[in-house]
Amino acid sequence: MKNDWTVLPSTEADIDQVRERCRRLVRRRAAVSAGVAAVPIPGIDVVSDLRLFTQLIDDVNHEFGLSPAQIDRMQPKLKLIAYEAVISLGGMLVGKVVTRELVATVLKRSAGKMAAKQAGKLVPIAGQIASATIGFFAFRQIGYQHVDACAKVARQVLAGGENR
């Protein structure tokens with residue numbers, strides 16, 4: 001079980017450090033995703049991506065102090081600022097309990113890339129390389145978007161806490 005006592009980063013520099021740490025995590029998970037995508041078995045990468053991305057979202061939310069449990073422990077004013085920031089930014093995975101269904105919805109936004117990735121599996125070697133490359137960049141892009149959304153929410157909560 002994850003330690004839910006991580007708090008929001010308390011300075012802009014802390015937010016930047018967490019952001020960079022999470023971007024490295026995104027790149028590592030994207031590389032794992034690409035490795036699985038290179039396996040010439042259609043469908044195995046989709047299952048793997050769902051699992052990897054679900055864990056990634058949970059980990060990033062936690063690092064920023066924005067998991068549902070962490071938000072619940074915030075002062076009421078900060079909790080309100082956090083939820084308002086999430087809504088205004090459209091960060092549908094920030095501060096949420098992440099389910100496979102929710103992740104599948106987000107991944108459907110990249111459906112064209114996923115279709116190309118699956119089609120590439122039917123072409124030996126070159127198709128596997130293309131599938132892995134497309135998978136890496138799609139996973140990385142979606143992960144980066146989530147990290148940036150969390151950083152923006154953390155900044156808004158930080159600014160709201162300073163205006164007390």
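Not measured: the values here are computed from a predicted model.
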Report the distance from atom [atom1] of [X] to atom [atom2] of [Y], rounding to the nearest 0.5 Å.
X: Arg27; Y: Phe139; atom1: CZ; atom2: CZ; value: 13.0 Å
X: Tyr83; Y: Lys79; atom1: OH; atom2: NZ; value: 6.5 Å
X: Leu66; Y: Ile71; atom1: CG; atom2: CD1; value: 5.0 Å

Check your understanding: Where do Cys22 and Val147 come nearest, in terms of heavy atoms and distance?
Key ->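 So the minimum-distance heavy-atom pair works out to CB-CG2, 3.7 Å.
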
Practice item. Given side chain to side chain contact (heavy atoms under 4.5 Å, CB included), test Arg19 with Asp148 step by step and report yes or no. Key: CA-CA 7 Å; Arg19 182 179 175 275; Asp148 290 343; 3.0 Å; yes

Using a 3.5 Å cut-off and no angle test, enumerate the donor-acceptor pairs between side-chain atoms of residues 149-159 and protein atoms at least two apart in sequence or in another chain.
| unit_1 | atom_1 | unit_2 | atom_2 | d |
| --- | --- | --- | --- | --- |
| Arg155 | NE | Glu12 | OE1 | 2.8 |
| Arg155 | NH2 | Asp16 | OD1 | 2.5 |

Review point. Can you list the steps and then say if Ile15 with Val18 is a side chain to side chain contact (heavy atoms under 4.5 Å, CB included)?
Key: CA-CA 5 Å; Ile15 292 171; Val18 172; 5.9 Å; no

Check your understanding: Are Asn61 and His146 close enough that some pair of their side-chain heavy atoms sits under 4.5 Å apart?
Key ->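 Asn61 reaches His146 side chain to side chain.
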
Exercise for review: Apply side chain to side chain contact (heavy atoms under 4.5 Å, CB included) to Leu8 and Met74, showing your working.
Suggested key: CA-CA 9 Å; Leu8 274 166; Met74 288 181 185; 3.4 Å; yes

Check your understanding: Tell me the salt bridge (charged side-chain N to carboxylate O under 4.0 Å, His left out) pairs involving residues 29-39, sequence neighbours left out?
Key ->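 For residues 29-39: Arg29-Asp59.
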
Exercise for review: Could you pull out all residues at least two apart from Arg28 that satisfy salt bridge (charged side-chain N to carboxylate O under 4.0 Å, His left out)?
Suggested key: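 Result, salt bridge (charged side-chain N to carboxylate O under 4.0 Å, His left out) vs Arg28: none returned.
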
Practice item. Check the pair Phe64 / Gln70 against side chain to side chain contact (heavy atoms under 4.5 Å, CB included), numbers first and verdict last. Key: CA-CA 9 Å; Phe64 276 98; Gln70 291 165 317; over 6 Å; no

